[in-house]
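Encoded as structure tokens, the structure appears first; notes follow it.
In listed order, ligands and their atoms are each counted from 1. This chain uses plain numbering: 1 for the first residue, then up along the sequence. As a basis for the values below, the full set of heavy atoms in this structure was taken, side chains included, without hydrogen atoms, waters or symmetry mates.
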Amino acid sequence: MCGIIGYIGKREAAPLILRGLHRLEYRGYDSAGIAIVSGEKLFAVKSAGMITALEARPELKRLIGNIGIAHTRWATHGEPTEQNAHPHLDCKGEIAVVHNGIIENYMELREALQKRGHTFNSETDSEVIAHLIEESYEGVLEDAVARALKLLEGTFGLAVVHTGERKVVAVRRSSPLIIGIGQDEMFVASDVAAVVEHTSRVVHLDDDEIACIRQDGFSVMRLSGEMVEKRVDKVEMSLSQIEKKGFKHFMLKEIFEQPASITNLLRGRLKDGKITLTPNLGLARFERVIFVGCGTSWHSAIIGRYLAENLAGIRAEFEYASEFRYRKPIVTNRDLVVVISQSGETADTLGALREAKKRGARTLGIVNVVGSTISREVDGGIYLHAGPEIGVASTKAFTSQVMALLLLTLYIRQERGLENDPELIREAAAMPAKINAMLDNLDVIKNIAREFASYKNFIYLGRGINYPVALEGALKLKEISYIHAEGYPAGEMKHGPIALIDDGFPVVFIVGNDAQHEKVLGNMQEVKARKGRIIAVCSEGDTDAARVADYCITVPQTSPLLSPILNVVPLQLLAYYVADAKGLDVDRPRNLAKSVTVE
Ligand code: M6R
């Protein structure tokens with residue numbers, strides 16, 4: 001979950017790679033560091049804290065040279081101190097390594113290296129890599145890296161430099177890595193966002209591939225020694241997509257982008273009441289669909305089950321990817337496993353995908369990042385085309401995932417020879433305009449956020465398809481505002497959580513305009529009777545809910561099956577304005593990273 005970048009070319013490396021590193025900061029931001037090869041010498045500067053702290057270091061001015069690597073960290077082994085920041089160097093200070101991933105057998109490697117006389121300067125698992133390469137080095141860096149890798153267990157995206165060679169060596173095993181091809185210059189990075197300013201031509205490395213990157217080109221070999229011909233891909237992302245464009249935070253910008261991201265998702269897939277999805281996986285033949293994901297994507301998975309049962313009439317389940325991969329799930333080739341992931345790199349979701357494939361299931365990915373590992377390993381997929389999501393809190397990816405799940409389940413329905421409801425299709429097409437209308441008037445949400453920003457606990461309640469929306473609202477609040485928030489099925493409240501309710505306990509109700517409406521009103525009355533303060537998200541014209549609630553946020557009317565898309569938007573905004581009122585770093589909440597590539 002760290003970000004790594006490397007450069008070789010004619011330009012000064014340090015300013016270039018620091019700019020690129022900022023674009024990777026969403027992957028981790030507790031410490032950062034850079035190493036530059038200058039003539040026959042290697043200079044490294046590291047700092048605890050964000051990249052801006054590194055940039056404030058006066059020693060940076062001395063980093064002159066055209067080859068360099070840098071790292072922004074999300075700590076796994078060892079505290080986020082300067083000492084533990086990357087790059088890590090070998091004993092002679094000739095080799096520098098930046099690492100994204102986890103070395104599982106580092107303890108035994110470290111002990112053995114220490115016995116052989118190596119001195120360690122950090123508590124990290126990553127430092128063993130620099131010392132192993134040092135021991136294997138016989139004059140050709142990529143060969144030394146290949147030899148060292150044979151001893152490593154775990155996951156890694158690595159970039160390595162040596163003072164004696166004009167090259168950057170990069171390796172990947174389960175941690176994403178791309179090579180950016182420029183004009184007389186080359187890059188390596190965890191993500192295309194870091195290089196999009198300089199090139200639109202990239203190569204995606206696969207597992208156990210070692211790239212030797214020179215100023216005028218690159219070669220890739222497998223760990224086994226065999227050379228590989230790699231395809232050059234064109235980057236879809238543009239620089240303007242990864243800038244804030246006047247918004248205070250990426251999260252707010254991404255909330256506002258939802259009308260456009262849903263429009264992009266629907267483009268070409270919804271026509272004349274019919275759904276078009278490619279490639280055709282013969283979806284009608286499956287007996288069961290299992291939706292898996294993590295975090296927000298897991299909330300989408302719950303909605304997936306609801307839609308699959310209601311629209312496609314197919315047996316459906318949902319599961320945390322981190323649980324699915326370590327059970328002995330009974331799946332066969334009659335099952336479709338749908339993996340949902342914004343980044344397409346989440347380690348647990350990738351693990352679940354591989355487990356499902358191993359057990360014979362067919363797999364389909366609902367993924368945002370084009371070319372990501374999951375998108376390349378699934379049998380078929382639906383890209384969200386939501387554009388880069390940079391704020392750590394997922395927003396536009398969620399609403400696009402829900403819409404993608406609607407299309408998928410309608411498509412299965414179609415494939416099974418059932419008619420689609422034209423009204424539902426019309427409503428799907430109307431979603432962008434309806435979200436736009438909501439974004440026009442934020443005063444009610446801003447006022448509620450100001451009033452409740454100092455509260456310590458919240459509970460979010462919803463039923464049916466809006467139960468996962470309650471979970472999502474609570475997750476948004478806790479991850480960016482550090483307020484304890486729980487999501488619960490409203491009907492379960494009386495089985496325990498109701499004991500928490502008093503006048504200091506705000507309860508957010510998501511009131512669907514569906515068959516369970518009356519039941520939710522009943523739950524609101526139960527809270528009211530215990531002096532709980534109620535914030536309700538309900539449909540326009542729902543006077544019953546408005547009467548019971550202390551505060552009411554209305555959303556446009558729509559089909560119950562599409563209501564999660566509209567109901568979640570005020571909850572995203574509520575979390576955003578609460579966190580902003582508390583003066584928190586909304587896009588980079590503590591302890592988190594955007595892309596969770598460790599288990
Ligand atoms: O990239 P993914 O969708 O696989 O990420 C899954 C979760 O890590 C992610 O949704 C996380 O929970 C977000 N921070 C939630 O806002």
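Remark: distances from the non-hydrogen atoms of K476 to ligand 1 include one below 4.0 Å.
What sits closest to atom 5 (O) of ligand 1 on the protein, heavy atoms only, is T346 OG1, 3.4 Å. Of all protein heavy atoms, the one closest to atom 8 (O) of ligand 1 is V596 CG2, 3.9 Å. Protein heavy atom in closest approach to atom 10 (O) of ligand 1: T296 N, 3.1 Å. Scanning all protein heavy atoms for the shortest distance to atom 6 (C) of ligand 1 gives C294 O, 3.3 Å.
For ligand 1, the polar-atom distance check finds an N/O of S394 within less than 3.5 Å of one of the ligand's N/O atoms. Among the atoms of V392, some N or O lies under 3.5 angstrom from an N or O of ligand 1.
Numbered from 1 in the order shown, with element, the atoms of ligand 1 that lie under 4.0 Å from a heavy atom of S343 read 1 (O), 2 (P), 4 (O). Each of the following atoms of ligand 1 lies closer than 4.0 Å to a heavy atom of S297: 2 (P), 3 (O), 10 (O). Annotation for ligand 1: atoms under 4.0 Å from non-hydrogen atoms of A393 are 16 (O). The E479 neighbourhood of ligand 1 comprises atoms 13 (C), 14 (N), 15 (C), 16 (O), with distances under 4.0 Å to a heavy atom of that residue. Close approach of ligand 1 to Q342 is summarised as follows: ligand atoms under 4.0 Å from at least one heavy atom of the residue are 1 (O), 2 (P), 3 (O), 4 (O).
Donor-acceptor pairing under 3.5 Å is recorded for the side chains of E472 and T296.
Minimum interatomic distance between A470 and Y460 (heavy atoms only, all atoms of both residues): O-CB, 3.3 Å.
A distance of 10.5 Å separates OG in S190 from CZ in R172, rounded to the nearest 0.5 Å.
Applying the ring pair (Phe, Tyr, Trp, His ring centres under 6.0 Å) criterion to F247, with sequence neighbours excluded, gives F256. In terms of the ring pair (Phe, Tyr, Trp, His ring centres under 6.0 Å) criterion, H204 has no residue partners (sequence neighbours excluded).
Between the choices S341, G295, A397, G293, the shortest heavy-atom distance to atom 12 (O) of ligand 1 belongs to G295.
Salt bridge present: K230 and D206 bring a charged side-chain N and a carboxylate O closer than 4.0 Å. A salt bridge between R327 and E319 is present, with a side-chain N of the basic residue lying under 4.0 Å from a carboxylate O of the acidic one. Comment: R376 does not engage D233 in a salt bridge, judged by the lack of any side-chain N to carboxylate O separation of less than 4.0 angstrom.
Aromatic ring pairs are classed by plane angle as parallel below 30°, tilted from 30° to 60° and perpendicular above 60°; the pair Y551 and F452 is perpendicular.
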